[in-house]
Amino acid sequence: SKGQWEVDPAELILGEEVGSGQFGLVLQGRWRERRVAVKMVREGAMSEEEFKEEARVMTMLSHCKLVQLYGVCTQHSPMCLVFELMEQGCLSDYLRARRGRMSQDTLLGMCLDVSEGMAYLESNNFIHRDLAARNCLVSCNNVVKVSDFGMTRFVLDDQYTSSQGSKFPIKWSSPEVIKYCKFSSKSDVWSFGVFMWEVYTEGRLPYENRSNGEVVEALNAGLRLLKPRQAPEAVHLLMEWCWKEVGGKDLPGSHLCEWGCVWVGRV
Ligand code: ADP
């Protein structure tokens with residue numbers, strides 16, 4: 001049976017390419033008077049049956065700081081995913097292109113936008129699993145929104161999904177994710193700390209000159225990313241909070257921080 005999340009290919013107009021990622025090409029397009037971004041899923045890149053089950057849940061997640069999934073076109077081959085169009089592309093490129101020209105208010109505003117999107121995900125018991133500046137997108141009004149939430153679960157590429165793999169985002173991962181693949185909203189908070197670091201360094205790569213193995217070693221030794229020059233003390237304190245380890249009983253190596261204290265707007 002067709003759900004409301006099924007997009008009729010007759011209503012979908014495809015346009016120019018705007019990017020490409022793990023799943024394949026992303027085109028801009030139109031769907032029911034809306035400008036959309038369409039992910040054309042490459043053959044063999046996604047576990048499609050599992051994704052279709054989850055698509056219903058994901059289309060129901062709706063918040064002004066999340067990139068909306070409008071629906072999925074499963075009749076089309078390859079399958080395609082229809083999202084809200086974010087005219088200014090991914091945040092990591094946006095930051096690098098504007099180095100030295102962004103105010104403190106702008107940087108803090110980006111962190112606040114993303115913390116709101118993430119707080120909404122947590123309130124819906126939804127774990128992002130891959131929060132990073134590259135997975136946030138910028139709208140025509142310079143609003144930053146969280147994208148690609150939960151999508152790594154459907155990637156068919158061991159290099160990306162195994163914590164041993166070369167494409168696994170170790171540098172954004174909490175110790176319990178690296179050690180036990182224990183994903184939670186708390187591991188999203190860890191990633192949010194690294195995200196804030198990316199914002200305040202205007203798009204630098206975390207632990208730039210270290211290999212994944214060296215990063216794991218440094219974290220185990222208690223080392224953390226350093227305060228970006230532009231980050232106020234209060235923001236740096238928040239980052240450090242995100243990167244706390246407490247030896248909880250039920251969650252080995254969990255950290256202290258919940259979204260309640262990562263409310264950047266209150267700094
Ligand atoms: P994947 O999930 O396949 O890895 P990404 O989400 O990384 O793909 O998207 C690849 C690129 O396509 C992004 O870096 C961005 O430039 C562009 N893109 C993705 N989604 C959108 C969107 N909703 N609006 C505008 N551009 C997008």
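We count ligands from 1, going down the list as the structure has it; atoms in each ligand are counted the same way.
Each of the following atoms of ligand 1 lies closer than 4.0 Å to a heavy atom of Gln22: 1 (P), 3 (O), 4 (O). Within the listing of ligand 1, atoms 1 (P), 2 (O), 5 (P), 6 (O), 8 (O) sit less than 4.0 angstrom from a heavy atom of Lys39. Ligand 1 places these atoms under 4.0 Å from at least one heavy atom of Leu85: 24 (N), 25 (C).
For atom 22 (C) of ligand 1, the nearest protein heavy atom lies under 4.0 Å away.
Note: an N/O pair closer than 3.5 Å links Glu84 and ligand 1 by distance alone. Polar contact check, Asp148 against ligand 1: a nitrogen or oxygen pair lies under 3.5 Å apart. The distance criterion of under 3.5 Å between nitrogen or oxygen atoms is not met by Ser147 with respect to ligand 1. For ligand 1, none of its N or O atoms has an N or O atom of Val67 under 3.5 Å away.
Remark: Glu176 does not engage Lys179 in a salt bridge, criterion side-chain N to carboxylate O under 4.0 Å. Between Lys145 and Glu84 there is a salt bridge, since a side-chain N of the basic residue sits under 4.0 Å from a carboxylate O of the acidic one.
The protein heavy-atom contact nearest to atom 14 (O) of ligand 1 is Cys90 CB, 3.9 Å. The shortest contact between atom 3 (O) of ligand 1 and any protein heavy atom is with Phe23 N, 2.8 Å. Scanning all protein heavy atoms for the shortest distance to atom 25 (C) of ligand 1 gives Met86 O, 3.1 Å. For atom 20 (N) of ligand 1, the closest non-hydrogen atom of the protein is Leu137 CD1, 3.6 Å.
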